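Read through the structure below, which is laid out as structure tokens, and then see the notes.
Below, read A as the first sequence line, B as the second, and so on, with proteins coming before strands; counting in each chain starts at 1. Everything numeric in this text was worked out from a predicted model, so none of it was measured.
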Number of protein chains: 2
Amino acid sequence: MDNRGNILDVALHMFSDKGYDAVSVQEIVESAGITKPTLYYYFGSKYGLLEAILEDGFSKLDQMIGSYIDEDSNDVREQLFKVAKAFLTFAVEESRFFSFMLSLMYSAKGGEPYKAVKPHLHKLYQAIIDMFERSSSQLGNMNGRQEQFAMGYLGFLNQYVFTFSERNFFRDNDLREHINDDDVRSLIQQFMYGIVS
Amino acid sequence: MDNRGNILDVALHMFSDKGYDAVSVQEIVESAGITKPTLYYYFGSKYGLLEAILEDGFSKLDQMIGSYIDEDSNDVREQLFKVAKAFLTFAVEESRFFSFMLSLMYSAKGGEPYKAVKPHLHKLYQAIIDMFERSSSQLGNMNGRQEQFAMGYLGFLNQYVFTFSERNFFRDNDLREHINDDDVRSLIQQFMYGIVS
DNA sequence: TTTTCATTATACCGATTGGTATAATTAATG
DNA sequence: CATTAATTATACCAATCGGTATAATGAAAA
């Protein structure tokens, strides 16, 4: 099996379970069935391993969103729907990475883990901001509140995923495996109600 | 000055800034201008210090919510308004603790920091669940979804605070100091729209 | 077969981790 | 003044931290 990929998998699993700082390099290499120099050969440092995990996960997320987003259409509701669909699908398919991403998003701003996600989050925000920008004709004058909308929208989706996964966590189930289109549309409706008023 | 209180202040400041695991006991006592045995005299362990911080902060939050909540009234909108007002006021007055609480809420479920907040969060959820329970006559049959509502509502409020503090973070401002009642009512309206439909 | 180069195992490093034993200090009480 | 009990400073501990020097391995190319 591919060592590099295996290390990434194992480390993501442990980071999302116990947190980046609480997991030692020693634990990782033992779980992965390798030794320390192998890990340092591939990633250079523990922080480098974290960066590689984020690079990997966010590129999948970008790809997922990119495959859904349509540059031609500028219908707000349809755009929001596609982003939500992509986002929620990703949250189900890569649930481990998603919950890890969430924990980093809310982690201490002065810490190393946050420093590592920050550029990825900014890039993600920017993509959503651009989408709102394109749809500005339908939303009226946003007075530079696109950024606030983007953060609100992503937070809204995150909250949805978190609530459901948390509820299932207490009940020892997995995340629902299928994203229902009607549920997503109802979600969009709820979010837009807060905007258009 | 009171040593115990000073340690709590300094530790909360550092934990919220860099994260629990990333802050060493040594750093804390140096910042607080004391020595290690003093800290261990009061709190027994680093984890004990964390527990004391949470005990302190959550008791303030409970008190804040308790002072707003009205057991007699069972009007949903009014109850939700009071909880929101209390919550947001607390987020402004104890912004440091609030952001630290948020980071713990989303932190790794298998980690020690989460283990420490878990009971406090459950208690908080329970208070909100009870509120929905009392208001069930107005919301129709909730089919045991009170728990989901409670989580959704708290997450909704958290997201609101997070979005604003994050936006201000990028702009190097403080959180707005005054909670506007109209903003809160509009927030409730937005949340309820998602429920009653 | 020999050379080459990516990959891995053994063993180690200084620094820091959370935590503590012990005695000195301080303030209040008898 | 003597005694007690809370509080603090000095100095230390084993264990673990992230990271590395060095040489052995493996397979592929010459």
Side-chain angles (χ1 to χ4, degrees), chain A residues 1-56 100 103-104 107-108 110-118, chain B residues 1-56 100 103-104 107-108 110-118:
Chain A
M1 191 205 298
D2 173 31
N3 256 335
R4 200 189 114 101
N6 182 241
I7 296 175
L8 285 173
D9 278 355
V10 169
L12 171 58
H13 196 281
M14 301 181 80
F15 285 166
S16 74
D17 188 50
K18 289 180 52 184
Y20 173 76
D21 283 312
V23 176
S24 72
V25 175
Q26 191 61 42
E27 291 179 88
I28 296 173
V29 300
E30 279 170 11
S31 286
I34 54 159
T35 56
K36 271 208 243 177
T38 304
L39 189 149
Y40 282 90
Y41 170 78
Y42 284 115
F43 305 104
S45 68
K46 187 187 179 186
Y47 187 77
L49 170 57
L50 173 60
E51 285 182 316
I53 289 174
L54 294 177
E55 205 70 47
D56 198 41
F100 183 50
S103 75
L104 295 185
S107 70
E112 292 223 309
Y114 185 78
K115 200 179 103 195
V117 264
K118 193 172 179 180
Chain B
M1 190 204 296
D2 171 34
N3 256 337
R4 200 189 113 99
N6 183 241
I7 297 174
L8 285 174
D9 277 356
V10 169
L12 171 59
H13 196 281
M14 301 180 81
F15 285 165
S16 74
D17 188 49
K18 289 179 51 182
Y20 173 77
D21 284 310
V23 176
S24 72
V25 175
Q26 190 62 41
E27 290 179 89
I28 296 173
V29 299
E30 279 170 11
S31 287
I34 55 158
T35 55
K36 273 208 241 178
T38 305
L39 188 149
Y40 281 91
Y41 170 80
Y42 284 115
F43 305 105
S45 66
K46 187 186 178 185
Y47 187 78
L49 170 58
L50 173 61
E51 285 182 316
I53 289 175
L54 294 177
E55 205 71 46
D56 198 41
F100 182 50
S103 75
L104 295 185
S107 71
E112 292 222 308
Y114 185 78
K115 200 179 103 196
V117 266
K118 193 172 177 178

Starting at atom CG of L39(A), determine the distance to atom P of dG19(D), rounded to an integer number of angstrom. 10 Å
Side-chain donor/acceptor of K46(B) to base of dG18(C), under 3.5 Å: no
Just to confirm, is there a sub-4.0 Å distance from OP1 or OP2 of dT16(D) to any side-chain nitrogen or oxygen of S24(A)? no
Less than 4.0 angstrom between a side-chain N/O of Y47(A) and OP1 or OP2 of dG18(D), yes or no? no
Rounded to whole Å, the CD1-P distance (I28(B) to dG18(C)) equals 8 Å
Check whether any side-chain N or O of Y41(A) sits under 4.0 Å from OP1 or OP2 of dT7(C), and answer yes or no. yes
So, the side chain of K46(B) versus the backbone of V23(B): is there a donor-acceptor pair under 3.5 Å, distance only? yes
Whole-Å distance between dT25(C) P and N3(B) CG? 18 Å
In whole Å, what is the span from the OH atom of Y40(A) to the P atom of dC12(C)? 19 Å
Could you check how far NZ of K36(B) sits from P of dG18(C), rounded to whole Å? 7 Å
Do the side chain of E27(A) and the main chain of S24(A) share a donor and acceptor less than 3.5 angstrom apart? yes
Give the rounded distance in Å between these two atoms: OH of Y42(B) and P of dA6(D). 12 Å
Separation of E27(B) atom CD from dA15(C) atom P, in whole Å? 17 Å
First of G44(A) and P37(B) reached from the 5' end of DNA chain D, by closest nucleotide: P37(B)
Main-chain N/O of I34(A) paired with T38(A) side-chain donor or acceptor, under 3.5 Å: no
Looking at Y47(B), I'd like to know if the NZ or CZ of K115(B) sits under 6.0 Å from its six-membered ring centre while staying within 45 degrees of the ring's axis. yes
Is it true that a side-chain atom of S16(B) and a backbone atom of H13(B) form a donor plus acceptor pair closer than 3.5 Å? yes
Distance check needed: dA9(C) P versus E30(A) CD, whole Å only. 13 Å
How would you label the contact of V29(A) with the nucleic acid (heavy atoms, under 4.0 Å): base, sugar-phosphate, or nothing? nothing
